[in-house]
**Student:** 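One structure coming up, written as structure tokens, with questions to follow.
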2 protein chains.
Amino acid sequence: MHAKSSQEGTFLSETNKFVPTEALGPADCKGLAEVLMSVGDKWTILVVGALSKGQLRYNEIQRRVSGISQRMLTLTLKRLEADGIVTRTLFPSVPPRVDYELTELGMTLRGALVPLHRWAAGNRQAILQNRAKAGS
Amino acid sequence: MHAKSSQEGTFLSETNKFVPTEALGPADCKGLAEVLMSVGDKWTILVVGALSKGQLRYNEIQRRVSGISQRMLTLTLKRLEADGIVTRTLFPSVPPRVDYELTELGMTLRGALVPLHRWAAGNRQAILQNRAKAGS
DNA sequence: CAGCATCCAAAAGGATACTG
DNA sequence: CAGTATCCTTTTGGATGCTG
């Protein structure tokens, strides 16, 4: 592989808001893209957001993330479970009950997603207006 | 447990930053999804990241965001321009030169994306290992 | 209730060729 | 250099029907 820089995330200028420098090497891009592709997904972001308040049952998630189909919810949850972002707990009752909950890793992801949620909420109108203006 | 008291209050996350518990109504979900779908896109995140250091020419961006095709770069830049996140500056020289740069809005987006970048960089290994373990 | 399997339509995206 | 246009494959995702 490429020369290992020992740590992938070497841009720990936590003190600086704007990480102005070369945080991402060209090689890191691919690795990041890999993660961002699964985590930056629309449904993923919304499902993680829904679970941020605590564990939820399958149908509860589907109700909160309005518009998600059964298929996409299942696929998203399976991937999140495989990635170690949520846990799946089955209660062998009748009818069955399954709870999903963020893991520690999932909580940190949620934390990293909060600014993006906020940004989207705060700038949605501006973007839609820009978009409309550009379309003219 | 999470008190699901009457209305949304605030929720103390593990990382101790107080996070507003979903100020997102079910209706807002759709609106947010709309923004997140375009902004939470894989290439968008990487292109905005590349531009965070300052303006770049078309080909410079393509070189930095390795793996992106000409088509996707063009489409991504057009959308970002329409959304008011980047500016496009054409220098009518021969050969032509085009610079792309983040707008103020783009800078704030970049700020909101930093935690996600850092999370992805810091947890990539953990995720890949989880995924491999789950796959076995 | 909580899924899985299947089919099919739509969208995303890469490769290639061409242009000002 | 910085795109545009086209083709065509891959992926995404909804709808539906069926299980434990």
Side-chain angles (χ1 to χ4, degrees), chain A residues 29-30 32-48 50-51 54-83 86-101 131 134-135, chain B residues 29-30 32-48 50-51 54-83 86-101 131 134-135:
Chain A
C29 260
K30 303 213 163 187
L32 281 195
E34 200 178 354
V35 175
L36 289 175
M37 243 192 328
S38 73
V39 136
D41 169 70
K42 170 193 173 186
W43 295 126
T44 300
I45 292 180
L46 292 173
V47 167
V48 169
L51 285 172
Q55 81 228 47
L56 290 176
R57 301 178 60 164
Y58 184 89
N59 275 353
E60 286 176 323
I61 303 177
Q62 191 171 26
R63 236 169 287 124
R64 296 193 187 234
V65 183
S66 56
I68 195 171
S69 66
Q70 191 178 48
R71 178 191 153 86
M72 289 317 295
L73 179 55
T74 299
L75 287 177
T76 300
L77 286 172
K78 286 296 175 197
R79 186 167 40 70
L80 288 177
E81 189 189 358
D83 288 356
V86 304
T87 55
R88 177 182 182 277
T89 310
L90 167 67
F91 299 87
S93 54
V94 179
R97 169 196 178 128
V98 179
D99 277 9
Y100 288 92
E101 188 173 16
R131 204 175 289 181
Chain B
C29 257
K30 305 214 162 185
L32 281 195
E34 196 179 357
V35 175
L36 288 175
M37 241 192 329
S38 73
V39 136
D41 167 68
K42 171 195 172 186
W43 295 125
T44 301
I45 292 179
L46 293 174
V47 166
V48 169
L51 286 173
Q55 81 225 50
L56 289 176
R57 301 177 59 164
Y58 184 88
N59 276 351
E60 287 177 322
I61 302 176
Q62 190 170 25
R63 235 170 284 125
R64 294 190 189 236
V65 183
S66 55
I68 195 171
S69 67
Q70 196 178 44
R71 180 176 191 271
M72 288 318 293
L73 179 54
T74 298
L75 286 178
T76 300
L77 286 173
K78 287 297 176 199
R79 187 167 37 72
L80 287 176
E81 191 191 354
D83 287 357
V86 305
T87 55
R88 177 182 182 275
T89 310
L90 166 67
F91 298 87
S93 54
V94 180
R97 169 199 178 126
V98 179
D99 277 10
Y100 289 92
E101 187 172 15
R131 205 176 288 180

**Student:** Rounded to the nearest Å, what distance is computed from the CZ atom of residue B:Arg79 to the P atom of nucleotide D:dG3?
**Tutor:** 16 Å

**Student:** Could you tell me which non-hydrogen atom of A:Ser38 sits nearest to which non-hydrogen atom of B:Arg131, and how far apart they are?
**Tutor:**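 Nearest heavy atoms, A:Ser38 then B:Arg131: OG-NH2, 3.5 Å.
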
**Student:** Less than 4.5 Å apart, side chain to side chain, heavy atoms only: is that true for A:Thr89 and A:Gln55?
**Tutor:**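 A side-chain contact under 4.5 Å is absent here.
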
**Student:** How many whole angstroms separate atom CZ of A:Arg63 from atom P of C:dC1?
**Tutor:**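 To the nearest whole Å, that distance equals 8 Å.
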
**Student:** What is the distance, rounded to the nearest whole Å, between atom CG of A:Leu77 and atom P of C:dC4?
**Tutor:**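 Going from A:Leu77 (CG) to C:dC4 (P), I get 10 Å.
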
**Student:** Give the rounded distance in Å between these two atoms: CD of A:Gln62 and P of D:dA15.
**Tutor:**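 The answer, rounded to whole Å, is 11 Å.
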
**Student:** How close or far is atom C1' of C:dG3 from atom OH of A:Tyr58, stated in whole angstroms?
**Tutor:**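 In whole Å, C:dG3 C1' lies 6 Å from A:Tyr58 OH.
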
**Student:** Would you name the heavy atoms of B:Ile45 and B:Gly40 that are closest together and state the gap between them?
**Tutor:** CD1-O, 3.6 Å

**Student:** What is the distance, to the nearest angstrom, from the NZ atom on A:Lys78 to the C1' atom on C:dG3?
**Tutor:**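 Computing the A:Lys78:NZ to C:dG3:C1' distance gives 8 Å.
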
**Student:** For a quick test of reading the model, state the closest non-hydrogen atom pair linking A:Arg64 to A:Ala50 and the distance between them.
**Tutor:**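 Closest pair (atom of A:Arg64, atom of A:Ala50, distance): CB-CB, 4.4 Å.
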
**Student:** Using a cut-off of less than 4.0 Å, is there contact between a side-chain N or O of B:Arg57 and OP1 or OP2 of D:dA2?
**Tutor:** yes

**Student:** Please state how far atom CD1 in B:Ile68 lies from atom P in D:dA2, giving the value in whole angstrom units.
**Tutor:** 14 Å

**Student:** Please write out each protein N/O paired with an N/O of nucleotides 7-13 of chain D under 3.5 Å, distance rounded to 0.1 Å.
**Tutor:**
residue: D:dG13; atom: N7; partner: A:Arg71; partner atom: NE; Å: 3.1
residue: D:dG13; atom: N7; partner: A:Arg71; partner atom: NH2; Å: 2.8

**Student:** Kindly say whether A:Glu81 contributes a backbone atom to a donor-acceptor pair with the side chain of A:Arg88 at under 3.5 angstrom?
**Tutor:**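 No; judged by distance alone, with no hydrogens or angles, the pair does not exist.
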
**Student:** With a 4.5 Å limit on heavy-atom distance, are the side chains of B:Val39 and B:Asp83 in contact?
**Tutor:** no

**Student:** Between B:Arg79 and B:Asp41, which heavy-atom pair has the shortest distance, and what is it?
**Tutor:**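 Looking at all heavy atoms of both residues, the shortest contact is NH2-OD2, 4.0 Å.
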
**Student:** D:dT4 P sits how many Å from B:Gln70 CD, rounded?
**Tutor:** 9 Å

**Student:** Answer yes or no: is there a donor N or O on one side and an acceptor on the other, between the side chain of A:Thr44 and the main chain of A:Leu80, under 3.5 Å?
**Tutor:** no

**Student:** Might you point out which heavy atoms bring B:Leu51 and B:Tyr100 nearest each other, and give the distance in Å?
**Tutor:**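 Looking at all heavy atoms of both residues, the shortest contact is CD2-O, 3.4 Å.
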
**Student:** Which heavy atom of B:Leu73 sits nearest to which heavy atom of B:Tyr58, and what is that distance?
**Tutor:** CD2-O, 3.7 Å

**Student:** Let me test you: for the helix from C:dC1-D:dG20 to C:dG20-D:dC1, what is the angle between the axes at its two ends (five pairs each), rounded to 10 degrees?
**Tutor:**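 Inter-axis angle at the ends, rounded: 50°.
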
**Student:** With side chain to side chain contact (heavy atoms under 4.5 Å, CB included) as the test, pick out the partner of A:Thr76 among A:Leu46, A:Val86, A:Val47.
**Tutor:** A:Val47

**Student:** So if I take residues 87-100 of chain B and measure heavy-atom distances to DNA chain D, which residues fall below 4.0 Å?
**Tutor:**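 Heavy-atom contacts with DNA chain D come from B:Arg88, B:Pro95, B:Pro96, B:Arg97, B:Val98, B:Tyr100.
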
